[in-house]
Number of protein chains: 2
Amino acid sequence: MNNVNRNPRGEGDRLRAQLLEAATAMLAESEDPESVSVRAVTRRAGVSPTALYLHFQNREELFRAVSEECFARLGAAMAGAAEGIDDPREQLNAIGHAYLRFAREHPGHYAVLFQRHLEPKPEDDETKLGMEVFESLVNVVRRCGVPDEDAFDYGVLLWMGLHGRAAVASAMPGFPFPDEDRYVKLLEERVVG
Amino acid sequence: MNNVNRNPRGEGDRLRAQLLEAATAMLAESEDPESVSVRAVTRRAGVSPTALYLHFQNREELFRAVSEECFARLGAAMAGAAEGIDDPREQLNAIGHAYLRFAREHPGHYAVLFQRHLEPKPEDDETKLGMEVFESLVNVVRRCGVPDEDAFDYGVLLWMGLHGRAAVASAMPGFPFPDEDRYVKLLEERVVG
DNA sequence: ACCGTAAATGAACAATGTCAACCGAAACCC
DNA sequence: GGGTTTCGGTTGACATTGTTCATTTACGGT
């Protein structure tokens, strides 16, 4: 690994970004998280395997960082879907669709979000980011005219309903789910109907 | 690995059962599926690593078999919880609790059920077993007096709601879920209320 | 006693995550 | 400008993993 393009002084963090990008890209392509190995990621970034340890404590931490990135992307997809819609129920519908679509189109990115973490960090930035995305969902629920103290609970039910379908559809492709359209409608009708 | 207790002729399949049991037990204890390695399992069974390949095509297939076993256990837990209860809504409640309890008490066993399979078998016995467990849930829903054509959909919603909570609670321990009691009640009230 | 064959082993390979030691050049000091 | 530090990175090694192939053991019918 004779990396000629070494980063200039004080900007070593650039490699961190490159590694993150490489890992994220590989996760999008290969979709088998095991194949996103330290060596594969560093190879892709054009550096030696151990260079990763200059910027991440270990592979797990790299994945945590990827996870944050993916949470942000999911959040963006949901926000983008709700944009330009006034009726909160229609917003919910659009958000539900965007959620399932994201999970279907980026299975690797979605899966990494809900991976078990072996050593959960105390100040879990990732959980915090997930919370943010969730909060925005609750806000839409709140505008649906449900009792204010129920908005959180209903938000949870919606999220779990979406995650459940996303996860199981990916793990058990044979299961005869209602199609996404019907499912989202069904779910939201029951929860905030 | 001088295994003195070699299995008698024609009963080599007994090792298969032992390996399955070993893997299942380890998954219950360690809860990190990666640590349930071929070598660890065979070591536990008192046999050489390659002996596994006499009974399973590869590690993946071992996990699929474990998964079937765990589906059966989950199904048994749910059935056991419903036993002796007449009112279908109370049955649902008990089933929901049993489901979440199983996931909480046996996170390894639960996680293996919904793992992504890289090479999904065409005749997926596992999906079939999952379907059976699910069918029994739908039957209870049916007895709740919901329109017959809705029972399947509501069953899906219930299952997804349960799975969602089980999965996310395990992946994001920090998330402020309603406790299990309240969650189950909430979910079932909304879906079959 | 013998021998086919079912049951299992052993050595080996490539790939992985990670550690400890090392290197090269860019930036600072005088 | 020459010397020194230190940032950004590499080398080499180790233990462990899944898996293959060739080999060995011992059961059980003859």
Side-chain angles (χ1 to χ4, degrees), chain A residues 1-23 26-27 30-67 108 112 115-119, chain B residues 1-23 26-27 30-67 108 112 115-119:
Chain A
M1 289 291 163
N2 243 342
N3 192 3
V4 181
N5 309 8
R6 183 205 290 242
N7 281 320
R9 231 90 199 286
E11 302 189 31
D13 279 352
R14 284 215 309 229
L15 179 55
R16 187 190 150 98
Q18 288 172 230
L19 291 170
L20 232 156
E21 193 188 323
M26 298 190 66
L27 200 58
S30 74
E31 154 179 352
D32 174 16
E34 291 309 292
S35 87
V36 181
S37 63
V38 171
R39 298 177 120 99
V41 170
T42 51
R43 205 179 305 135
R44 178 150 179 157
V47 298
S48 75
T50 52
L52 187 137
Y53 295 89
L54 299 174
H55 301 287
F56 301 94
Q57 248 185 0
N58 48 33
R59 184 175 182 249
E60 169 95 4
E61 203 186 275
L62 168 67
F63 272 77
R64 250 202 291 274
V66 171
S67 185
V112 81
Q115 241 173 357
R116 281 191 70 75
H117 304 308
L118 305 177
E119 32 162 320
Chain B
M1 288 290 162
N2 241 341
N3 191 4
V4 181
N5 308 8
R6 183 204 285 243
N7 280 321
R9 234 93 201 282
E11 302 189 32
D13 279 355
R14 285 215 307 230
L15 180 54
R16 186 190 150 100
Q18 288 172 231
L19 290 169
L20 231 155
E21 193 189 321
M26 298 190 67
L27 200 58
S30 74
E31 155 181 349
D32 174 16
E34 291 310 293
S35 86
V36 181
S37 63
V38 171
R39 298 175 119 99
V41 170
T42 51
R43 205 179 304 134
R44 179 148 177 158
V47 96
S48 77
T50 53
L52 187 137
Y53 295 90
L54 299 174
H55 302 287
F56 301 93
Q57 247 185 1
N58 48 34
R59 184 175 183 249
E60 169 95 3
E61 204 186 274
L62 168 67
F63 272 76
R64 249 202 292 274
V66 171
S67 185
V112 81
Q115 243 173 355
R116 282 190 69 77
H117 303 309
L118 306 178
E119 32 163 319

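A note on names: the letters A, B, ... follow the listed sequences, proteins ahead of strands, and every chain is numbered from 1. Quantities reported herein were computed from a predicted structural model and do not represent experimental measurements.
The backbone N or O of A/L27 sits nowhere less than 3.5 Å from a side-chain atom of A/S30 that would complete a donor-acceptor pair.
Between B/L62 atom CG and D/dG18 atom P the separation is 10 Å, expressed in whole Å. The distance from atom CG of B/L19 to atom P of D/dG18 is 13 Å, rounded to the nearest whole Å. Rounded to an integer number of Å, the gap from CG of A/D13 to C1' of D/dG9 is 14 Å. Straight-line distance from the CG atom of B/L52 to the C1' atom of C/dG10: 16 Å, rounded to whole Å. For A/L15 and D/dT10, the CG to C1' distance is 12 Å, given to the nearest whole Å. Nucleotide D/dT6 holds its P atom 17 Å from the CG atom of A/L54, rounded to whole Å. Whole-Å rounding puts the B/R16 CZ to C/dA8 P distance at 14 Å. Rounded to a whole Å, the CZ atom of B/F56 is 15 Å from the C1' atom of C/dA8.
Partners of A/R44 by side-chain hydrogen bond (donor to acceptor under 3.5 Å, both in side chains), not counting sequence neighbours, listed by chain and number: A/E29. With sequence neighbours left out, the side-chain contact (heavy atoms from CB on, under 4.5 Å) criterion links A/A40 to A/M26, A/S37, A/R43.
Of all the heavy atoms in B/E34 and A/E34, the pair that sits closest is OE1-OE1, 3.4 Å. Scanning all heavy atoms of the two residues, the minimum distance from B/P49 to B/T42 falls at CA-OG1, 3.3 Å.
B/Q57 CD to B/R64 CZ: the interatomic distance, rounded to the nearest 0.5 Å, is 8.5 Å.
Of the candidate nucleotides C/dA8, D/dG9, C/dA20, C/dA20 has the atom lying nearest to any side-chain atom of A/T50. Between C/dA11, D/dT10, C/dA8, one nucleotide has an atom nearer to the side chain of B/H55 than all others, and that is C/dA8.
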Give every pair of a protein N or O atom and an N or O atom of nucleotides 13-17 of chain C that lie under 3.5 Å apart, one pair per line with the distance.
| from | atom 1 | to | atom 2 | distance (Å) |
| --- | --- | --- | --- | --- |
| C/dT16 | OP1 | A/S37 | OG | 3.4 |
| C/dG17 | OP1 | A/V38 | N | 3.0 |
| C/dG17 | OP1 | A/R59 | NE | 2.9 |
| C/dG17 | OP2 | A/V38 | N | 2.8 |
| C/dG17 | OP2 | A/R39 | N | 3.3 |
| C/dG17 | N7 | A/R39 | NH1 | 2.4 |
| C/dG17 | O6 | A/R39 | NH1 | 3.1 |

